[in-house]
A.B. asks: 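Below is a structure I'd like to ask you about.
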Amino acid sequence: EVQLVESGGGLVQAGGSLRLSCAASGFSFDEYVVGWFRQVPGKEREGVSCFSPRQGKTYYADSVKGRFTISSDSAKNTVYLQMNGLKPEDTAVYYCTAVRNLLISLWSYPNAIDYWGKGTLVTVSS
């Protein structure tokens with residue numbers, strides 16, 4: 001059974017940093033595209049960042065390029081999202097996701113995702 005458990009959310013001032021963690025179980029990173037979506041109440045889910053070890057590619061939404069970095073520790077089966085230079089518009093619930101055998105170019109569509117964590121709230125104050 002695939003499980004994704006996020007942690008690391010919280011309240012931070014604009015310009016600050018947070019690191020989100022996603023503890024994954026039940027699958028191998030090698031076969032999946034693993035990443036992060038976020039959602040603001042009343043808005044659609046937005047693909048933030050993902051990586052595919054098999055495809056050797058990483059994706060970042062334009063809104064976070066240069067500020068967020070995705071990484072992983074395969075020994076711990078954990079994915080991280082380091083978020084620097086946070087802005088109030090980054091406030092959202094962040095979800096860890098996993099999907100098997102998907103071209104990374106198609107990843108940012110929420111309907112393409114197989115597995116979702118329950119989310120962790122990030123609040124950036126101005």
Side-chain angles (χ1 to χ4, degrees):
E1 179 187 6
V2 173
Q3 289 191 329
L4 303 166
V5 180
E6 305 95 335
S7 61
L11 174 64
V12 64
Q13 289 188 334
S17 298
L18 281 175
R19 188 178 79 158
L20 304 183
S21 300
C22 172
S25 60
F27 67 99
S28 169
F29 281 1
D30 289 344
E31 297 181 6
Y32 281 72
V33 179
V34 183
W36 297 87
F37 275 72
R38 66 185 180 185
Q39 187 172 27
V40 176
K43 294 190 176 181
E44 294 184 357
R45 291 184 176 185
E46 174 192 13
V48 175
S49 179
C50 71
F51 75 100
S52 169
R54 174 168 290 183
Q55 299 173 57
K57 294 181 179 180
T58 302
Y59 164 88
Y60 293 97
D62 288 343
S63 56
V64 306
K65 280 181 183 176
R67 300 188 297 122
F68 291 11
T69 303
I70 192 169
S71 63
S72 67
D73 184 336
S74 57
K76 296 181 179 179
N77 245 33
T78 300
V79 180
Y80 304 98
L81 186 68
Q82 178 67 42
M83 306 185 295
N84 299 328
L86 283 162
K87 305 175 182 180
E89 51 264 44
D90 295 317
T91 295
V93 176
Y94 284 72
Y95 297 91
C96 183
T97 67
V99 55
R100 187 174 183 182
N101 294 334
L102 180 72
L103 289 174
I104 204 167
S105 59
L106 300 176
W107 172 84
S108 60
Y109 297 95
N111 288 343
I113 303 301
D114 293 332
Y115 302 102
W116 296 81
K118 293 184 178 181
T120 185
L121 176 63
V122 172
T123 304
V124 184
S125 63
S126 57

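For clarity, every value in this text was computed on a predicted model and none was experimentally measured.
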A.B. asks: Do L81 and S49 pass the side chain to side chain contact (heavy atoms under 4.5 Å, CB included) test, and can you show the C-alpha distance, the side-chain angles, and the key distance before you say yes or no?
C.D. replies: CA-CA 8 Å; L81 186 68; S49 179; 4.1 Å; yes
A.B. asks: Please lay out, stage by stage, how R67 and M83 fare under the test side chain to side chain contact (heavy atoms under 4.5 Å, CB included).
C.D. replies: CA-CA 6 Å; R67 300 188 297 122; M83 306 185 295; over 6 Å; no
A.B. asks: Show the nearest heavy-atom pair for residues A14 and S126, with the distance to one decimal.
C.D. replies: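 It is CB-CA, 4.4 Å.
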A.B. asks: Is Q82 reaching over with its side chain to a backbone N or O of S17, donor-acceptor style, under 3.5 angstrom?
C.D. replies: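 Between the backbone of S17 and the side chain of Q82 there is no qualifying donor-acceptor contact (under 3.5 Å).
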A.B. asks: Atom CZ of R45 and atom OG of S108: how far apart are they, to the nearest 0.5 Å?
C.D. replies: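 Interatomic distance, R45 CZ to S108 OG, rounded to 0.5 Å: 14.5 Å.
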A.B. asks: Is there a donor-acceptor contact under 3.5 Å from the side chain of T120 to the main chain of Y94?
C.D. replies: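 No; judged by distance alone, with no hydrogens or angles, the pair does not exist.
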A.B. asks: I'd like to know if L4 and V99 are part of one continuous hydrophobic network [Ile/Leu/Val/Met/Phe/Trp/Tyr, side-chain heavy atoms within less than 4.5 Å].
C.D. replies: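 No: no chain of side-chain contacts under 4.5 Å links V99 to L4.
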A.B. asks: So which atom in E6 and which in C96 form the shortest heavy-atom distance, rounded to 0.1 Å?
C.D. replies: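 Heavy atoms of E6 and C96 come nearest at OE2-N, 2.8 Å.
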A.B. asks: Does F51 have its ring centroid less than 6.0 Å away from the ring centroid of W107?
C.D. replies: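 Judged by ring-centre distance (under 6.0 Å), F51 and W107 do not meet the cut-off.
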A.B. asks: Taking A24's backbone N and O only, do any of them form a donor-acceptor pair with N77's side chain (distance below 3.5 Å, no angle check)?
C.D. replies: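 Looks like yes, one N/O pair under 3.5 Å.
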A.B. asks: Honestly curious: do F27 and Y95 fall in one hydrophobic cluster under the side-chain, below-4.5 Å linking rule?
C.D. replies: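 Different clusters: F27 never reaches Y95 through Ile, Leu, Val, Met, Phe, Trp or Tyr contacts under 4.5 Å.
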A.B. asks: Would a single hydrophobic cluster contain both V124 and V64, if residues Ile, Leu, Val, Met, Phe, Trp and Tyr are joined by side-chain heavy-atom contacts under 4.5 Å?
C.D. replies: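 V64 and V124: one cluster.
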A.B. asks: In terms of side-chain geometry, is the basic nitrogen of K65 or D62 positioned less than 4.0 Å from the acidic oxygen of its partner?
C.D. replies: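 Salt bridge present between K65 and D62.
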A.B. asks: List the steps, then state whether side chain to side chain contact (heavy atoms under 4.5 Å, CB included) holds for R100 with D114.
C.D. replies: CA-CA 7 Å; R100 187 174 183 182; D114 293 332; 4.1 Å; yes
A.B. asks: Can you say whether the rings of Y32 and Y115 are parallel (under 30°), tilted (30 to 60°) or perpendicular (over 60°)?
C.D. replies: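 Y32 and Y115: tilted rings.
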A.B. asks: Could you measure the distance from the OH atom of Y80 to the NZ atom of K76? Nearest 0.5 Å is fine.
C.D. replies: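 These two atoms lie 4.5 Å from each other.
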A.B. asks: Which pair of heavy atoms, one from V2 and one from G26, lies closest together, and at what distance?
C.D. replies: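 Closest approach of V2 to G26: CG2-O, 3.9 Å.
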A.B. asks: Working to the nearest 0.5 Å, report the span between CG of L102 and CD of Q55.
C.D. replies: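 Nearest 0.5 Å value for the CG-CD distance: 7.5 Å.
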A.B. asks: Do V33 and F29 share a hydrophobic cluster (ILVMFWY, side-chain heavy atoms under 4.5 Å, transitive)?
C.D. replies: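 As far as the 4.5 Å side-chain criterion goes, F29 and V33 are not connected within one cluster.
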A.B. asks: When clusters are formed by joining ILVMFWY residues with side-chain heavy atoms under 4.5 Å apart, either directly or through shared neighbours, do L103 and F37 land in the same one?
C.D. replies: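 L103 and F37: one cluster.
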A.B. asks: Kindly give the heavy-atom pair with the smallest separation between G8 and L18, and that separation in Å.
C.D. replies: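 That closest heavy-atom pairing would be O-CD2, 3.9 Å.
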A.B. asks: Under 3.5 Å, is there a donor-acceptor pair between the side chain of Q39 and the main chain of A92?
C.D. replies: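 A pair under 3.5 Å: no.
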A.B. asks: To check you understand the geometry: which heavy-atom pair defines the closest contact between V40 and T91, and what is its length?
C.D. replies: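 Closest approach of V40 to T91, heavy atoms only: CG2-O, 3.3 Å.
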A.B. asks: Could you report the tightest heavy-atom contact between R38 and D90, atom names first, then the distance?
C.D. replies: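 Scanning both residues, the minimum pair turns out to be NH1-OD1, 2.9 Å.
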A.B. asks: Side-chain donor-acceptor pair under 3.5 Å between E89 and S63, yes or no?
C.D. replies: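 Side chains of E89 and S63: no pair found under 3.5 Å.
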A.B. asks: Is there a donor-acceptor contact under 3.5 Å from the side chain of T97 to the main chain of W116?
C.D. replies: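 Side chain of T97 to backbone of W116: no pair is present.
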A.B. asks: With a 3.5 Å distance limit and no angle check, can you tell me whether Y60 reaches the backbone of I70 through a side-chain donor-acceptor pair?
C.D. replies: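 Judged by distance alone, yes, a pair lies under 3.5 Å.
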A.B. asks: Please answer whether the main-chain N or O of S125 pairs with a side-chain N or O of Q13 as donor and acceptor at a distance below 3.5 Å.
C.D. replies: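 A pair under 3.5 Å: no.
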